[in-house]
Amino acid sequence: MLQKLKEQTGREDRQEKTFISTPYVNGIKAEEIVARRLFESCYIDLLAVVPDFRSHGIGTRLLERLEQECRNEGIGTLFLNTQDFQAPNFYEQNGFERIGEMKDVPFKGTTRIFFIKRIDLCHL
């Protein structure tokens, strides 16, 4: 893979970078996002908002900050996976496209859902 990367981009390493944001409100960890740059993409490992702080746009603002940071780094794709019980509609409302799912993963009765979002790099 690294050889193909070098052939296509001239880079010789994965240029991995981790983005972490953990704001506190009145001493309470209100939200957290952990994402990892992989080549020219960014994988969202974790996005969480404490229940008392949900439905106030906090998760959307987290994604917007991450998208801006990705734009600044020249990263054009965000991707993630989540479970059917972990607000998949939230990602669709924020411009992510559902690209696949695996039923009964990681256990029977649940579905793992895969999402992708292309970022417009023209708005730096």
Side-chain angles (χ1 to χ4, degrees):
M1 187 179 286
L2 291 178
Q3 180 60 33
K4 186 71 169 173
L5 174 71
K6 184 177 180 181
E7 290 170 7
Q8 290 200 225
T9 68
R11 291 197 314 265
E12 296 190 20
D13 64 26
R14 293 164 49 128
Q15 296 183 324
E16 285 192 40
K17 179 179 179 178
T18 301
F19 304 95
I20 300 173
S21 177
T22 311
Y24 287 78
V25 176
N26 297 327
I28 300 168
K29 182 162 77 169
E31 59 194 67
E32 183 170 32
I33 190 166
V34 178
R36 193 170 17 130
R37 177 185 185 147
L38 298 167
F39 301 105
E40 296 172 349
S41 299
C42 183
Y43 175 71
I44 299 173
D45 284 311
L46 171 73
L47 190 151
V49 177
V50 172
D52 289 347
F53 294 100
R54 291 181 187 158
S55 299
H56 299 296
I58 292 172
T60 296
R61 286 193 299 276
L62 272 175
L63 285 175
E64 289 169 351
R65 280 195 310 231
L66 177 62
E67 285 180 35
Q68 187 57 51
E69 197 155 343
C70 287
R71 275 189 201 91
N72 295 342
E73 298 269 337
I75 297 169
T77 304
L78 289 170
F79 66 104
L80 63 97
N81 67 78
T82 190
Q83 292 302 126
D84 55 346
F85 56 85
Q86 292 177 313
N89 294 338
F90 166 80
Y91 296 105
E92 291 170 327
Q93 290 166 357
N94 281 280
F96 283 79
E97 176 187 353
R98 187 183 297 227
I99 58 170
E101 54 184 51
M102 294 171 26
K103 299 215 181 286
D104 296 325
V105 173
F107 51 86
K108 193 167 186 68
T110 66
T111 301
R112 183 163 305 255
I113 304 168
F114 298 86
F115 289 97
I116 191 167
K117 182 174 184 177
R118 305 291 179 188
I119 301 170
D120 181 1
L121 295 178
C122 295
H123 292 94
L124 293 174

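Atoms considered below: every heavy atom in the structure, side chains included; atoms not considered: hydrogens, waters and symmetry mates.
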For Lys108, the salt bridge (Lys or Arg N to Asp or Glu O under 4.0 Å) test, sequence neighbours excluded, returns none
Nearest-0.5 Å distance that lies between atom CG in Asn94 and atom CZ in Arg61
11.5 Å
Donor-acceptor contact present, side-chain Thr60 to main-chain Gly57, <3.5 Å
no
Under 4.5 Å between any side-chain heavy atoms of Leu63 and Phe96, yes or no?
yes
To the nearest 0.5 Å, how far apart are CD in Glu40 and CD1 in Ile75?
9.0 Å
What are the two closest heavy atoms between Gly109 and Asp104, and how far apart are they?
N-OD1, 2.8 Å
Please list all pairs passing the side chain to side chain donor-acceptor pair (under 3.5 Å) test where one or both residues lie in residues 42-56, with sequence neighbours left out.
Arg36-Asp45, Tyr43-Asn81
Phe115 and Pro88: which non-hydrogen atoms are nearest, and at how many Å?
CZ-O, 3.6 Å
How far apart are the closest heavy atoms of Asn89 and Arg98, and which atoms are they?
OD1-NH2, 4.5 Å
If you take all heavy atoms of Leu66 and Cys42, which pair is closest and at what distance?
CD1-SG, 4.2 Å
I'd like to check Ile113 versus Tyr91 (side-chain heavy atoms, cut-off strictly below 4.5 Å). Are they in contact?
no
Which pair of heavy atoms, one from Thr77 and one from Ile119, lies closest together, and at what distance?
N-CD1, 4.4 Å
Salt bridge (Lys or Arg N to Asp or Glu O under 4.0 Å) with Arg118: which residues, sequence neighbours excluded?
none
In short, Ser41 meets Phe79 closest at the heavy-atom pair CB-CE2, 3.7 Å
Taking side-chain hydrogen bond (donor to acceptor under 3.5 Å, both in side chains) as the criterion, tell me which of Gln83, Glu101, Gln86 meets it with Arg112.
Gln83
What's the spacing between Glu67 CD and Leu121 CG if we round to 0.5 Å?
11.0 Å
Is it true that Arg65 and Glu69 have a side-chain N and a carboxylate O under 4.0 angstrom from each other?
no
